[in-house]
Structures are given as structure tokens and as C-alpha cells.
Number of protein chains: 2
Amino acid sequence: MAAPLEALAEYFKVFSEPNRLMVLEALREGPLNVTAVVQCTGLSQALVSKHLKLLTIAGVVARRPEGSLVFYEVLDRGVFRLLLAAEKQLLTAREQQLSALQAVL
Amino acid sequence: MAAPLEALAEYFKVFSEPNRLMVLEALREGPLNVTAVVQCTGLSQALVSKHLKLLTIAGVVARRPEGSLVFYEVLDRGVFRLLLAAEKQLLTAREQQLSALQAVL
DNA sequence: CTGCTGTATAACAGATACGTGATATCGCAA
DNA sequence: TTGCGATATCACGTATCTGTTATACAGCAG
């Protein structure tokens, strides 16, 4: 039933780099080719290519060559729900850090 | 509205190590002191201490000294929902990798 | 105080990940 | 074929992370 913790950890690692999240955000509104993502994010082409490859291997995005361009697309928009859930949980954590701090002061 | 991607990435990083997830799982059923977590997980005492410190800094668990023992407790059980959501999303990603593979074969 | 248990930290080695610059490859046009 | 734009990969330096060993520190018993 439970995926091994190693697999889960690896999946979390996919979203644990800011630039990779930036690439994902660029793809939020629809498929883009590499150059478009580069312009969207301001990252170097080589770096974008690497992150896109990782996201592809992780099964988060799909690679679709079209002529001389290569388009990438988010496969399941559920990842954005996951990002949102994490962000919400992050805020909760920050809140509780604060109240823990107040309990001390 | 949106937390900076850096903060979000850092939060994901918290859950991106198998041993840290193992420590979290050990705390699922309630507060434990360090030695109990060590026994639960089979990890070394120093390592458990490190991971617990990280989880504390991240605001995921709380540290509560009790006599000569130190108990750690998950602050918001919502993290377990997050873990579950991620696991589900991971399975979805695997599925779509498979169907993409079938589309090629 | 001394000693003991539990916990935290320091220092280190090894592994892993990131970003860059250069280069290779692909697809197409002429 | 050559040339060109788009994408991928290689090689490298650097930084970050992990786990271990050893040590330090805290709290309590005697």
C-alpha cells in the first residue's frame, strides 16, 4: 500500500529546487518549447534543458517534439494542487513556529 | 499571495530524504523521545538528532524536554496528509509514464 | 562531587546536486 | 551538401547534504 519511503523522498526532491519550480510555473498555463521556458524564467538554456529532463524522468511533464522545437507539458495538473497543499502546510508550519516562540516569551 | 519559490523548495527539501521520512513516520502515532526514535528507525543516535533538529527548524515537529529526556512531536498532522497527497501524485506520475511508454510501443 | 544516561554538536569523508561554458546533435532550409 | 536555429549533453568546479565517529553537554542518582 505504502510506496517505499525512498521513492516518496525522491519525488519530493523533484520539487525541492527553486529553479525547477520556476520551470514548472512557466508550464502552468500550457505547453511551451524550451526556448520559451528559457525566456520565461531567465535561466540558461542548458539549465532549463536539464531541469526539463528531470521533470520528464519524474513523470511530471511530457516531452513532445514538434518539428525542430520540443514542447513540454505538465502531464497531470494535480501537481499544482500538490504545490498548493505544500505551500499551505508551509504557512501552517510558520504559524506554529511563531506560537511556539510566543509560548516561550 | 504566493510564498517565494525558494521557501517552497526548501520546504519540499525537508521531505526529500528517506531517513527523515522514516523519523517522521516514527512520530506518526505520538510523541517519542530521541532514543525511542532511534530504536524505531534503526538509525544512529547522531543522525536521528540531526534530522529531528532539521524537522524542528522547519516547524514540522516540536521539541519538548521532559526531565533528562527530550520528546518530539508532530506539530500539525496535516503533514501526513501532504505526504499522502504526494504519494498519490507519485502514483499518478508513474501511471502516466507507463501510458506514455505504451503510446510509443 | 562523581558517574551514568540521554541528547546535541563538531569535524571529517564521501556522495550528490547545481550551474556554467563548450560542444554535440537534431531538424529543416537553401 | 552546407548552414542555422533549437535542444541536448559533456566536463568541470563548486557547493550542499548525508552519515559516522568522537566528543561535549545536560539532567539526575548516588
Side-chain angles (χ1 to χ4, degrees), chain A residues 4-27 30-58 60-74 100 104, chain B residues 4-27 30-58 60-74 100 104:
Chain A
L5 294 186
E6 303 216 344
L8 190 54
E10 207 166 333
Y11 190 65
F12 272 111
K13 197 176 298 184
V14 171
F15 307 103
S16 71
E17 306 302 322
N19 290 337
R20 213 141 50 217
L21 291 182
M22 211 181 297
V23 169
L24 253 189
E25 283 298 327
L27 296 177
L32 290 180
N33 65 7
V34 179
T35 303
V37 174
V38 168
Q39 290 167 172
C40 244
T41 60
L43 303 175
S44 76
Q45 183 268 319
L47 190 54
V48 167
S49 209
K50 265 193 191 175
H51 284 309
L52 284 172
K53 181 177 185 179
L54 244 173
L55 290 169
T56 303
I57 292 176
V60 175
V61 306
R63 190 186 118 107
R64 178 162 42 85
E66 195 136 330
S68 68
L69 305 183
V70 179
F71 283 84
Y72 285 88
E73 178 177 13
V74 172
V104 176
Chain B
L5 294 185
E6 303 217 344
L8 189 53
E10 208 167 333
Y11 190 65
F12 271 110
K13 198 176 297 184
V14 171
F15 307 104
S16 70
E17 307 301 323
N19 289 337
R20 211 140 51 215
L21 291 182
M22 209 181 299
V23 169
L24 253 189
E25 283 299 327
L27 295 177
L32 290 181
N33 65 4
V34 178
T35 302
V37 174
V38 167
Q39 289 168 171
C40 245
T41 60
L43 303 175
S44 76
Q45 183 267 320
L47 191 54
V48 167
S49 208
K50 264 192 190 176
H51 284 310
L52 284 172
K53 181 176 185 180
L54 243 174
L55 289 169
T56 304
I57 291 176
V60 175
V61 307
R63 192 186 115 107
R64 179 162 41 86
E66 194 135 330
S68 69
L69 305 183
V70 178
F71 283 84
Y72 286 88
E73 178 177 12
V74 172
V104 175

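In this text, all values refer to a predicted model and were calculated from it rather than measured experimentally. Chain identifiers are assigned alphabetically (A, B, ...) following the order of the sequence lines, protein sequences preceding nucleic acid strands; residue numbering begins at 1 within each chain.
- Side-chain atoms of B/Thr56 come within 3.5 Å of backbone N or O of B/Leu52 as a donor-acceptor pair.
- Taking side-chain N and O atoms only, B/Tyr72 has a distance below 4.0 Å to OP1 or OP2 of C/dA8.
- In this structure, CZ in A/Arg63 is found 14.0 Å from CD in A/Glu73, a value given to the nearest 0.5 Å.
- Atom CD of B/Glu10 is separated from atom P of D/dT16 by 11 Å (rounded to the nearest Å).
- Residue A/Leu47 contributes atom CG, which lies 15 Å from atom C1' of C/dA22 at whole-angstrom precision.
- Between B/Arg20 and D/dC17, a side-chain N or O to OP1/OP2 separation shorter than 4.0 Å is absent.
- Regarding A/Leu69, its CG atom lies at a distance of 12 Å from the C1' atom of C/dC26, rounded to whole Å.
- Projected onto DNA chain C by closest heavy-atom contact, B/Ala46 and B/Ser68 fall at different nucleotides, the more 5' of which corresponds to B/Ser68.
- The separation between B/Arg63 atom CZ and D/dA26 atom C1' is 10 Å, rounded to whole Å.
- With hydrogens and angles ignored, a donor-acceptor pair under 3.5 angstrom links the side chain of A/Lys50 to the base of C/dT20.
- Of the possible polar contacts, one joining the B/Thr41 side chain to the B/Val37 backbone as a donor-acceptor pair under 3.5 Å is found.
- The salt bridge (charged side-chain N to carboxylate O under 4.0 Å, His left out) pairs that include a residue from residues 10-20 of chain A number zero, where partners must be two or more places apart or lie in different chains.
- If you measure from atom CZ of B/Phe15 to atom P of D/dT18, you get 13 Å, rounded to the nearest angstrom.
- The shortest distance between the side-chain N/O atoms of B/Ser44 and the OP1/OP2 oxygens of D/dT20 is below 4.0 Å.
- At whole-Å resolution of the value, CG in B/Leu43 and P in D/dT20 are 8 Å apart.
- Among the nucleotides C/dT7, C/dC18, D/dC17, the one closest to any side-chain atom of B/Lys13 is D/dC17.
- For the pair A/Lys53 and D/dA8, the criterion of a side-chain N or O lying under 4.0 Å from OP1 or OP2 is not met.
- In terms of phosphate contacts, A/His51 brings no side-chain nitrogen or oxygen within less than 4.0 Å of OP1 or OP2 of C/dC18.
- Put simply, the side chain of B/Gln45 and the base of C/dA8 share a donor and an acceptor less than 3.5 Å apart.
- Within the structure, a side-chain polar atom (N or O) of A/Asn19 is placed less than 4.0 Å from OP1 or OP2 of C/dG19.
- The CZ atom of B/Phe71 sits 11 Å away from the C1' atom of C/dG6 (whole-angstrom rounding).
- Atom CD in B/Glu17 sits roughly 11 Å away from atom P in C/dT16 (whole-Å rounding).
- With rounding to the nearest 0.5 angstrom, the OH atom of B/Tyr72 is 13.0 Å from the NE2 atom of B/His51.
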